[in-house]
Amino acid sequence: MTTSTLKPAGHTEGVRRPGRWLALSVLVLAVLLVAVDATVLGLATPFLSEDLKPSGTQLLWIGDVYSFVIAGLLVSMGSLGDRIGRKKLLLIGATAFGAVSVLNAYATSPEMMIVARALLGVAGATLMPSTLALIRNLFHDPRERSLAIGIWGAMASAGAAVGPVVGGFLLEHFWWGSVFLINLPVMAVLVLVGIKLIPESKNPAPGPWDLPSVALSLVGMIGIVYAIKELASHGPALDAAAAALVGIAALTWFVRRQLTLPAPLLDMRLFRHRGFSGAVLADLLTILGLSGLVFFLSQFFQLVQGRQPLEAGLAELPAAVGAVTAGLIAGLVARRFSVRSVVAGGLAAVGLALAVLTTIDQHTDYPLLGAALLVVGVGAGFAFTVTADVILSSVPKEQAGSASAVSETAYELGAALGIAVLGSIVTGVYRGFATPAGVPSDTASAAHESLGGAVEASGALAPETATALVSAAQEAFVDGLRIAAGVGAAVLLATAAAAWFLLKGQKLEDGVEH
């Protein structure tokens, strides 16, 4: 990830490449779809639980293994794109993404679903790393490129919120597998349009693709996230400690190896730049708050407040509207005020909105929830878009590939951690609820696995007992959601303070060329 076959920034054709905005729409389509797939299962969870009957742990893995695999492979796939061509990797990834979506749609067991989601993550990892680097190849004018990054960031931020709306519509009319089959026509359009409009970009002398580094990054990332998830769900345990040690050892070895390789997968020296490190941290935690919130509010709207899937999806639409609107104007606002005020302000907004959610209960009116989602979307749109621009502007042009992969790794790891950490808190609190009298032990066991399991298990009970069981389960779920929101609020407010100092002096007015 060192150099790419770009014309000089001053080249007239490079500054105003014909068809660049249509090409951008294709890149944005890829980003949007990968982001949508990270959260589209939120609404489908009750239906999937009824059909496949996963345990609580399996349900969490179905939800987050997709993002874990993407996060673990992004840097490696970004390096591969530099070698074989970023356009080529994008088109290969789009084809694989469509094919594996069929496997997801027709999964017949929890284990098959987990494997299918992991494979979809592999395909998604081939799509993501090329997008920002290709935007650099399309837009050489700094102001145009800043707007293009704003559109890219808006779609990446909004994708997590658009997922429930798409899922809700499909679940109203089809079975849960339809949320994956929608990928097929979208990927077909991406491939057909991308072949004609997207210019190729790659490193003319990339060096070898280091397979040990690929393995180390994947093992390290999944090990760390698995340990966090298990620790939050079940407390200290031997398997969580072992996973943490393996993950830390693998990532330490990965870093040391990158510092010695002549052509590393990821240039670790990038992190010596204060602005770069601050933007990556803000990037990751912005998406952690957004994706974790959206994933569990989907279940809250359906299983606690009794909304239909489409209604629940539309209820989360303010987050998408806020993210898109803020993303489009983020560059202008950052130039008018400052990078650090926009990023820190966006993070603080998400943190405060999460703090508000610590007050909700089963009967909270929608205006409060909708307003919180709107604020989360606006804050995430501002912070995520500006940090993407900062990450690119903090490094020399020839390191755009590395910077792009780091930005997207932060996004996917944030999505995975949002579901894993906040979700594990929700699950841990939920499992502690007291079973009402008269509930058989096997029914109680199923009810403690997940809220969807409790709703399904209650169908075999007498009406009064069923109502008591569902009510206790809903109350426990909301208790967990409140605690998770409080933890998320604390993390994001602390990150907002850190971003204020780390991004001091960072500017966008010179664009992303150095």
Side-chain angles (χ1 to χ4, degrees), residues 32 35-36 38-40 42-43 67 150 153-165 281-301 305 312-330 333 342-360 364-388 410-411 414-419 421-423 425-426 478 481-496 499:
L32 178 65
V36 162
T39 58
V40 73
L43 286 174
S67 291
M155 291 301 101
S157 298
V162 170
V165 179
L281 178 66
D283 210 353
L284 187 151
L285 292 171
T286 299
I287 300 304
L288 184 151
L290 177 67
S291 62
L293 172 68
V294 167
F295 184 79
F296 291 100
L297 277 184
S298 294
Q299 296 178 59
F300 174 83
F301 282 134
Q305 294 199 330
L314 291 173
E316 296 188 2
L317 197 56
V321 173
V324 170
T325 304
L328 293 176
I329 63 172
V333 176
V342 173
V343 175
L347 287 164
V350 178
L352 291 173
L354 288 174
V356 168
L357 293 178
T358 62
T359 66
I360 68 171
T364 298
D365 290 333
Y366 179 72
L368 176 65
L369 297 169
L373 283 163
L374 179 63
V375 172
V376 166
V378 170
F382 275 127
F384 182 67
T385 304
V386 174
T387 53
Y411 174 90
L417 287 173
I419 295 172
V421 176
L422 300 184
I425 293 171
V426 173
V478 174
L481 187 58
R482 283 197 294 261
I483 293 172
V487 171
V491 169
L492 283 157
L493 290 172
T495 308

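Keep in mind the model is a prediction, meaning the values are calculated, not measured.
Using a distance-only test at 3.5 Å, with no hydrogens or angles considered, a donor-acceptor pair links the side chain of T358 to the main chain of A355. A donor-acceptor pair is defined here as one N or O able to donate and one able to accept, closer than 3.5 Å; such a pair exists between the side chain of R482 and the backbone of I360.
Of all non-hydrogen atoms in L374 and P318, the two that sit nearest each other are CD1-O, 3.5 Å. Across A380 and V350, no two heavy atoms sit closer than the pair N-CG2, 3.6 Å. Contact record, A330 with G381: CB-O, 4.4 Å, taken as the closest heavy-atom pair. Residue Y366 comes nearest to L314 through the heavy atom pair OH-O, 4.3 Å, listed as atom of the first residue, atom of the second, then distance. A353 approaches A372 most closely through the heavy-atom pair CB-O, 3.6 Å.
The shortest distance between side-chain heavy atoms of L481 and L357 does not fall below 4.5 Å. Side-chain contact check for T359 versus L368: some heavy-atom pair is nearer than 4.5 Å. In this structure, L352 and V375 have side chains that are not in contact, with every pair of non-hydrogen atoms separated by 4.5 Å or more. Residues F382 and V343 form no side-chain contact, since every pair of their non-hydrogen atoms from C-beta on lies 4.5 Å or further apart.
Atom OG1 of T495 and atom CG of L347 lie 6.0 Å apart (nearest 0.5 Å).
When each of L493, V487, L492 is tested with L354 by the rule side chain to side chain contact (heavy atoms under 4.5 Å, CB included), just one qualifies, namely L492.
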